Amino acid sequence: QVQLVESGGGLVHAGGPLRPLCAASGRGWTNLAVAWFRQAPGKERVVVAAINWSGSATDYADSVKGRFIISRDNAKNTVYLQMNSPKVEDTSVYYCASPESVYYYGLGGASLYAYWGQGTQVTVSS
C-alpha cells in the first residue's frame with residue numbers, strides 16, 4: 001500500500017552537495033519510520049540513515065555520520081538525504097525504505113524493511 005520513489009541522485013564532484021529525496025504515497029506512511037540504504041556494485045545493501053515517524057529522532061551509520069543529514073516533511077510526504085561532503089566511496093544506488101510496523105525505527109538490516117523505492121544513482125567523482 002505504501003509506495004516510495006527516489007529521485008535527485010546524479011553525478012556530483014567530491015564535496016557535493018547533493019540532496020536525494022524520497023516521495024511517498026499511501027495512507028499511513030507518515031506513521032512509519034524511514035531509512036536510507038545504499039548498494040554499491042558488488043556489495044551488499046547497507047543502511048546509512050534512519051528517521052522515526054515524526055522526524056524527532058535520527059540515526060546514522062558511522063560511514064556517513066557528520067556528513068549526511070536525514071530529514072522528513074510529512075506535510076509533503078517526503079524524506080530527504082542531505083549529502084554534505086560526499087566522497088567517491090559514497091557512490092552507490094540509494095534506496096529509501098519503510099518498515100511494515102509503525103513501531104520499528106532504526107539501523108536494522110534490509111530484511112526489516114518492507115517497502116522500497118526503485119533507487120536513485122549517486123555517483124561521486126574525484
Side-chain angles (χ1 to χ4, degrees):
Q1 193 168 36
V2 173
Q3 188 172 48
L4 306 173
V5 180
E6 302 93 336
S7 63
L11 177 65
V12 64
H13 286 98
L18 196 66
R19 198 189 192 198
L21 63 84
C22 175
S25 62
R27 186 174 179 178
W29 173 81
T30 55
N31 295 321
L32 299 176
V34 175
W36 282 98
F37 289 77
R38 67 186 184 189
Q39 187 168 25
K43 295 188 176 182
E44 292 189 345
R45 189 171 300 186
V46 296
V47 66
V48 297
I51 189 166
N52 74 339
W53 71 273
S54 69
S56 64
T58 59
D59 204 2
Y60 300 91
D62 289 342
S63 59
V64 306
K65 191 172 185 178
R67 299 189 297 115
F68 292 4
I69 301 172
I70 186 171
S71 63
R72 69 191 297 167
D73 186 341
N74 284 346
K76 296 181 178 180
N77 279 34
T78 303
V79 63
Y80 305 91
L81 186 66
Q82 178 71 42
M83 301 174 63
N84 297 320
S85 302
K87 304 174 181 179
V88 172
E89 52 261 45
D90 294 319
T91 295
S92 284
V93 177
Y94 282 74
Y95 302 87
C96 62
S98 285
E100 189 170 16
S101 172
V102 299
Y103 298 106
Y104 183 77
Y105 147 76
L107 299 176
S111 64
L112 298 176
Y113 287 83
Y115 306 107
W116 293 85
Q118 83 291 343
T120 187
Q121 176 71 46
V122 172
T123 302
V124 183
S125 64
S126 62

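Source: prediction; values computed, not measured.
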Inset, instruction - Mind running side-chain contact (heavy atoms from CB on, under 4.5 Å) on Arg19 and Ser71 for me, showing each step along the way? - result: CA-CA 11 Å; Arg19 198 189 192 198; Ser71 63; 4.1 Å; yes

Do [X] and [Y] come close enough that some side-chain heavy atom pair is under 4.5 Å?
X: Val47; Y: Phe37; result: yes
X: Val64; Y: Arg38; result: yes
X: Val79; Y: Cys22; result: yes
X: Pro86; Y: Leu18; result: no
X: Glu6; Y: Val93; result: no
X: Tyr80; Y: Ile69; result: no
X: Thr91; Y: Gln121; result: yes
X: Val102; Y: Leu32; result: yes

Can you tell me how far [atom2] of [Y] sits from [atom1] of [X], rounded to the nearest 0.5 angstrom?
X: Asp59; Y: Leu107; atom1: CG; atom2: CG; value: 4.0 Å
X: Tyr103; Y: Asn52; atom1: OH; atom2: CG; value: 14.0 Å
X: Cys96; Y: Ile70; atom1: SG; atom2: CD1; value: 9.0 Å
X: Asn74; Y: Ser54; atom1: CG; atom2: OG; value: 8.0 Å

Legend entry - Enclosure of Gln118 CD (heavy-atom neighbours >12, cutoff 6.0 Å):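 Atom CD in Gln118 is crowded, with more than 12 foreign heavy atoms closer than 6.0 Å.
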
Legend entry - CD/Glu44: more than 12 non-hydrogen atoms of other groups inside 6.0 Å: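 12 or below, so no.
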
Inset, instruction - Check the pair Gln3 / Tyr115 against side-chain contact (heavy atoms from CB on, under 4.5 Å), numbers first and verdict last. - result: CA-CA 7 Å; Gln3 188 172 48; Tyr115 306 107; over 6 Å; no

Inset, instruction - Looking only at non-hydrogen atoms, find the nearest pair between Ser85 and Arg67 and report the distance. - result: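 Where Ser85 meets Arg67 most closely, the heavy atoms are O-NH1, 3.1 Å.
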
Legend entry - Minimal non-hydrogen separation, Pro17 against Val12, with atom names: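 Scanning both residues completely, I find the closest heavy atoms to be O-CG2, 3.9 Å.
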
Inset, instruction - Walk me through it: do Val34 and Trp29 pass the test side-chain contact (heavy atoms from CB on, under 4.5 Å)? - result: CA-CA 9 Å; Val34 175; Trp29 173 81; 3.5 Å; yes

Inset, instruction - Have a look at Tyr113 and tell me which of Trp36, Tyr104, Tyr105 forms a ring-ring contact (aromatic ring centres under 6.0 Å, His included) with it. - result: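 Among Trp36, Tyr104, Tyr105, the one that satisfies the ring-ring contact (aromatic ring centres under 6.0 Å, His included) with Tyr113 is Tyr104.
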
